[in-house]
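Below: one structure, written as structure tokens.
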Amino acid sequence: MALMNGERTHSHNEEESEQNGHEEREPGDESNDQEVIVIQDTGFTVKIQAPAIEMFSLQVSPQEMVQEIHQVLMDREDTCHRTCFSLQLDGNVLDNFAELKTFEGLAEGSLLKVVEEPYTVREARIHVRHIRDLLKSLDPSDAFNGVDCNSLSFLSVFTDGDLGDCGKRKKKGLEMEQIDCTPPEYILPGSKDRPLCPLQPQNRDWKPLQCLKVLTMSGWNPPPGNRKMHGDLMYLYVITIEDRHVSITASTRGFYLNQSTAYNFNPKPANPSFLSHSLVELLNQISPIFKKNFAALQKKRVQRHPFERIATPFQVYSWTAPQAEHVMDCVRAEDAYTSRLGYEEHIPGQTRDWNEELQTTRELPRKNLPERLLRERAIFKVHSDFTAAATRGAMAVIDGNVMAINPSEETKMQMFIWNNIFFSLGFDVRDHYKDFGGDSAAYVAPTNDLNGVRTYNAVDVDGLYTLGTVVVDYRGYRVTAQSIIPGILEREQEQSVIYGSIDFGKTVVSHPKYLELLEKTSRPLKIQKHKVLNDKDEEVELCSSVECKGILGNDGRHYILDLLRTFPPDLNFLPMEREEMPEECQKMGFPKEHRHKLSCLRQELVDAFVEHRYLLFMKLAALQLMQQKNKEENTSALENGAPPTPEDGESKNLENLQRSEDGKKEEGVAGLAQVKELAETMASDDRTVDPKSREVIQNACKAVGSISDTSFDIRFNSDIFSPGVRFPDSRMEEVQSQKQLLKDAAAFLLSCQIPCLIKDCLDHTVLPMDGATLSEAMHQRGINMRYLGKVVEFIMKTPARTQLDHIYKIGIIELITRSAKHIFKIYLQGVELSGLSAAISHFLNCFLSSFPNPVAHLPADELVSKKKSKKRKNRNLGNVDNTAWASTTPQELWKNICLEAKSYFDFNLECENVDHAAETYGFLKITLLREISIKTGIQILLKEYNFDSRHKPTFTEEDILNIFPVVKHVNPKASDAFHFFQSGQAKVQQGFLKEGCELINEALNLFNNVYGALHVEICACLRLLARLNYIMGDYSEALSNQQKAVLMSERVLGIEHPSTIQEYMHLALYCFANSQLSTALNLLYRARYLMLLVFGEDHPEMALLDNNIGLVLHGVMEYDLSLRFLESALTINSKYHGAKSLKVALSYHLVARVYESKAEFRSALQHEKEGYTIYKNQLGEQHEKTKESSEYLKYLTQQAVALQRTMNEIYKNGSNANIMPLKFTAPSMASVLEQLNVINGILFIPLSQKDLENLKAEVQRRQQLSEAMGDSEEPDTKKTDATAASREAPVVESSA
């Protein structure tokens, strides 16, 4: 188990497997068991005694630091107002940063005393800040303002508090459930209304209980010298709700009232003087309302789910916010003017040395699991702190609050240093990128560089260091924030660089230490070591692109920076003279001129391409071995003709390959296994390989373009086609083959990856719901966003075009908003700060409003005249530069959007204005508003906007609340946890639920250990756990885990992110299973509202949602409502799955059941017959589904006949008819739940032990077969089992 113990290489076999990039390692085996135990060291209980409250006990673990107990006490309701105290064991003070296991005598039942300590200025500030946080703990303004990693969550609004109390709220009887089933009008199927306000419903807890009118720093600060010597640290000014104005002294011994007033300084204690160690105790004594409200507030605060309160690792911004009144807040005011150094940082009085922190965490040991966890936790923490600081700094730079280090140069060329971070703007300074596309190149270089940093960090080679890098887009500018290499500012760049080139390849230097370090990364990153010529025509060896610079810092570390060409160039966007592109590329109109010459292939593409080549290599070799074998068998054939030479044989081989694939599967497996063995022996330099087999491998290597002729090894040279780089003549052959490889990779993207994406969308294995999820799906397959136009065109040409309608729509919306974003970026650069809200609202009016000629209000208006001069439309626009934005018109903007879409994405948009576009492509303007706001960081007021009025513009400047940065950064990973998660998923897929569950629980522990409580990956973990709990029948546990997943998704991804919508759906199912029907409905309604807002109704996922809603409504006997949703689902399913699909058959059946409950048997029969026909044609007469359907048809016919008889009887005999009682049954909850499970793709498999064994054996056999064959060849067998009707998935859908 090499991976678990940190020794990365064991023997040559493992080396070999790494060579091919096929690492098959599975953690979760025996060897890591003892390591895992180390972490889950048994906890114990200690007693805590704090002043003025009763003793209580606390569960702790030996790994915890003393500081963590401090945190717990500062969070507890009864001790939360203390911050300045020490913990003592038998009179000895415990060190804050020591782990509990280091103290002797600290054991089960020990008593820890909380002892009040004297204050310092720093401690007093921390105390005031903490009290302010407690007072504002329910106030969401920090989340709306995107401050301090707060973010929104609305789940509790829909569940009425915490779901954990489901025990208390078991069935209140169905009568009560009936009350609130009616959905709001705007989410009914077919409704055209898309209100914005319900996105952020008002939470009752938000009208916070006011405890004080004002708590602020006094104007008398800082204390004069003589008062300092009396122990005064600082003065506070408070106005209580009773309107009492008081001045408070914070002294070393605590807080007391003094006799100062606003204009009169008198520091003597007031009479009576209470000295309290805590500010809260003092305020409790002087204000009864404070005492009452503060207690109530803390009670409420502690009742909230922890996930609603904890800070997220990275800031999440909200694109809408309600109107909030601005209140006085001393801490916020102070934060704005100091750079917050000195007390929030752990090292008082110093700015943090980010570079040192980032690099030291990388150097931590990583030999075993606990060490690796510690290291990863440190890396993650420093990264999230660095990202927050860099974001703050970048905004300060653009807002003009930071002095440049070269102030005399023009603005675009300025560079800044703030808080030990270096900031530069994304413009082409000093014609650095002249040959690469000027400013366009300078704009993409930082993101390419960031991808490089991300990649090298992931490879994690000891001794090779990268800079902390964050790219921030704010107000139309791109800012790169980097940590500073020690000593780099004192030297000229020429002296510092000891590897690479500072002028794109004219002068190049190399260094043996760098070659050695980069050599280690070349295998996983598929980078080829190569030689280039420098200006003196000498050969220089490199193992990266020429721009990658190596700098030896004053700290002796080897840094690499400028990693913008870590990956090979994308030839589809790099037209080269005298280079012929493959025919697949030419067919699609490539190569095309792009704005810049820095287009690279994505790492995902490189990996997929190499994987693809590896399969080809194995097949070629296997085929040749088979041919040899056949030849040896009939030697007579040999005399007739010599074996074909590899050159002309190659193309035939490939053709034969296609033919033989359909042939003998089993025999193929044997052949491939033989090749694998052969390849391994050859790679280990074994002389025993006979020459014929050696030749087979050599031919296969040559055919797939491997750089070695004894083993499969594909690498790219990222300097090929780089302007200014020259190669030695001796290497021309190698350069030619590298060029060919790059052309093949470019063709592979077009001929394999794009069709693959479309196929996955057709199978619904990929279900994007908005722009972000579509780009994620493209990126996972290595397709860059510049191919978006081609993807949309490909969809238009697909035969099953209507089944891809949703992808087409998302693609178009994405094309429009990305083009608009490009224009908006340039537009904003010309706007000064005072005109920002006017400019943004004007842009949004031109982009989204039907009002034909919106007029911009220039900022001078409100200052000059009392009457806002809306009448004067033909004002002379003074200084052209800063107000050019005001002359933009809707016609012009949309014309530019179409031009941009054509020039950047090569796509023809047919639209003159927003209404034309919305009509042509069938989307809603609110969706467009959401996409553009998220992409550009705009925050708008939460209210209903009228987009369609032709009489007044949609937005006014009051509607623009804020503009946020859009931040790109590295996401450090928790590698061990992730391996556990993957093996857990694999186990679950194989049907070992129990083992899978244990592994995933373990992964959850490790994730928490590294990331803290909130993170996207933890979210996936919780979702899968909840699903497993549910399948194994533990409904309440499923509910609790899924509730956490929803909260986390809202907090970390956003309240209307597509993943959050799906989490809501899962939670609704588990609520239903726990008989919380009205909650389940509320959650489903919320999910439907969000989906309408994010995309609209016409989406395959909407069908699933509507089926869920329809079934629950059927269960609570709201038949008419239920039909509206089920019939909507039927329409959508028929559109996206084809009228003959099993999903559609199931939809018909669900509708029929409701008609049966309504006793409308004719309609029921009609629908069930449709379903029966599909089952019969798809599955045959004998299949159980077909039989079930036919039984149900018989039953319906009998019911219909019985009803008819009764009616006839009534007509004949009038009121004295003798009526048989008819059976009208409301569906049982169990039957509704069963149907819910079917449509949500959850199967409970009642199997005997023997069946299970057989199933496992079968699964394993299939896996081995597919591994050997490479999944690409499995014939697509018709799935004829029951799952096909549901989510066509194994027992549990994988959720990563």
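Sequence positions, counted from 1, serve as the residue numbers for this chain. Just so we're clear, the structure is a prediction, and the values are computed from it rather than from any experiment.
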Residues Arg557 and Glu363 bridged, charged N to O under 4.0 Å: yes
Donor-acceptor under 3.5 Å (Gln482 side chain, Leu467 main chain): no
Tyr443 side chain near Asp428 side chain, heavy-atom distance below 4.5 Å: no
Min side-chain heavy-atom separation Phe721-Lys739 under 4.5 Å: yes
Check against side-chain hydrogen bond (donor to acceptor under 3.5 Å, both in side chains), Asn451 and Arg454: CA-CA 5 Å; Asn451 290 334; Arg454 192 176 284 141; 2.8 Å; yes
Student check: side-chain heavy atoms of Val966 and Val472 closer than 4.5 Å: no
Heavy-atom pair with the smallest gap, counting every atom of Asp503 and Thr507: OD2-OG1, 2.8 Å
Flag side-chain contact, heavy atom, 4.5 Å: Pro569 against Leu742: yes
With sequence neighbours excluded, residues passing ring pair (Phe, Tyr, Trp, His ring centres under 6.0 Å) with Phe423: none
Tyr559-Asn355 side chain donor-acceptor pair, cut-off 3.5 Å: yes
Heavy-atom donor-acceptor pair, Asn1009 side chain to Leu373 backbone, under 3.5 Å: no
Note: Asp385-Arg352 ion pair, threshold 4.0 Å (strictly below): yes
Worked check of side-chain contact (heavy atoms from CB on, under 4.5 Å) between Leu749 and Asn784: CA-CA 10 Å; Leu749 193 154; Asn784 311 70; 4.2 Å; yes
More than 12 heavy atoms of other groups within 6.0 Å of Asp431 CG: yes
Donor-acceptor pair, side chain of Thr455 and main chain of Gln603, under 3.5 angstrom: no
NZ/NE/NH1/NH2 to OD/OE distance under 4.0 Å, Arg602 and Asp570: no
Centroid separation His558 to Tyr499 less than 6.0 Å: no
side-chain hydrogen bond (donor to acceptor under 3.5 Å, both in side chains) evaluation trace for Ser522 with Gln528: CA-CA 7 Å; Ser522 65; Gln528 188 188 4; over 6 Å; no
Under 3.5 Å donor-acceptor, Asp607 side chain and Glu611 backbone: no
Student check: side-chain heavy atoms of Val967 and Phe314 closer than 4.5 Å: no
Under-4.0 Å salt bridge between Arg781 and Glu604: no
Side-chain donor or acceptor of Asn406 paired with backbone N/O of Glu409 under 3.5 Å: no
Closest non-hydrogen atom pair between Gly463 and Leu517, with its separation: O-CD1, 3.4 Å
Shortest non-hydrogen separation from Pro407 to Gln414 and the atoms involved: O-NE2, 3.4 Å
Distance (rounded to the nearest 0.5 Å) between Phe380 CZ and His1015 NE2: 4.0 Å
Nearest-0.5 Å distance that lies between atom CD1 in Ile405 and atom CD1 in Ile417: 4.5 Å
Shortest non-hydrogen contact from Val470 toward Phe386: CG2-CE2, 3.7 Å
Side-chain donor/acceptor of Ser483 to backbone N/O of Gly468, under 3.5 Å: yes
NZ/NE/NH1/NH2 to OD/OE distance under 4.0 Å, Lys520 and Asp462: no
Candidate list Arg372, Arg377, Arg375, test salt bridge (Lys or Arg N to Asp or Glu O under 4.0 Å), partner Asp976, passing option: Arg372
Asn534 backbone acceptor or donor facing Lys536 side chain under 3.5 Å: no
Closest heavy-atom pair and its distance - Asp435, Lys597: O-CD, 3.6 Å
side-chain contact (heavy atoms from CB on, under 4.5 Å) evaluation trace for Asp449 with Leu561: CA-CA 8 Å; Asp449 182 31; Leu561 55 156; 5.8 Å; no
Under-4.0 Å salt bridge between Arg362 and Asp460: yes
Donor-acceptor contact present, side-chain Trp354 to main-chain Asn419, <3.5 Å: yes
Short N-O contact, Asp535 and Lys506, less than 4.0 angstrom: no
Any donor-acceptor pair under 3.5 Å from Ser510 side chain to Glu541 backbone: yes
Cation over ring face, Lys526 and Phe716, 6.0 Å, 45°: no
Pairing of Asp719 and Arg565 as salt bridge, 4.0 angstrom limit: no
Parallel, tilted or perpendicular: ring planes of Tyr433 versus Phe436, cut at 30 and 60 degrees: perpendicular
ring-ring contact (aromatic ring centres under 6.0 Å, His included) assessment of Phe573 paired with Tyr787: CA-CA 10 Å; Phe573 287 92; Tyr787 287 99; 5.1 Å; yes
Nearest-0.5 Å distance that lies between atom CZ in Arg392 and atom CH2 in Trp418: 5.0 Å
Heavy-atom check, side chain of Val540 versus side chain of Leu533, under 4.5 Å: no
Ring-face cation of Arg818 near Tyr904 (centre distance under 6.0 Å, axis angle within 45°): no
Tyr474 and Val479, any side-chain heavy atoms less than 4.5 Å apart: no
Euclidean distance, Leu563 CG relative to Leu450 CG, rounded to 0.5 Å: 10.0 Å
Basic-acidic side-chain contact under 4.0 Å: Asp713, Arg715: yes
Tyr477 and Gln829 side chains, donor-acceptor separation under 3.5 Å: no
Side-chain ion pair, Glu376 and Lys973, N-O less than 4.0 Å: no
Under 3.5 Å: donor-acceptor pair, side chain of Gln359, backbone of Thr466: yes
Shortest non-hydrogen separation from Ala445 to Leu598 and the atoms involved: CB-CD1, 4.1 Å
Atom pair CG (Asp473) and NZ (Lys968), whose distance is rounded to the nearest 0.5 Å: 4.5 Å
Point-to-point distance, once rounded to the nearest 0.5 Å, from CZ of Phe422 to OG1 of Thr469: 12.0 Å
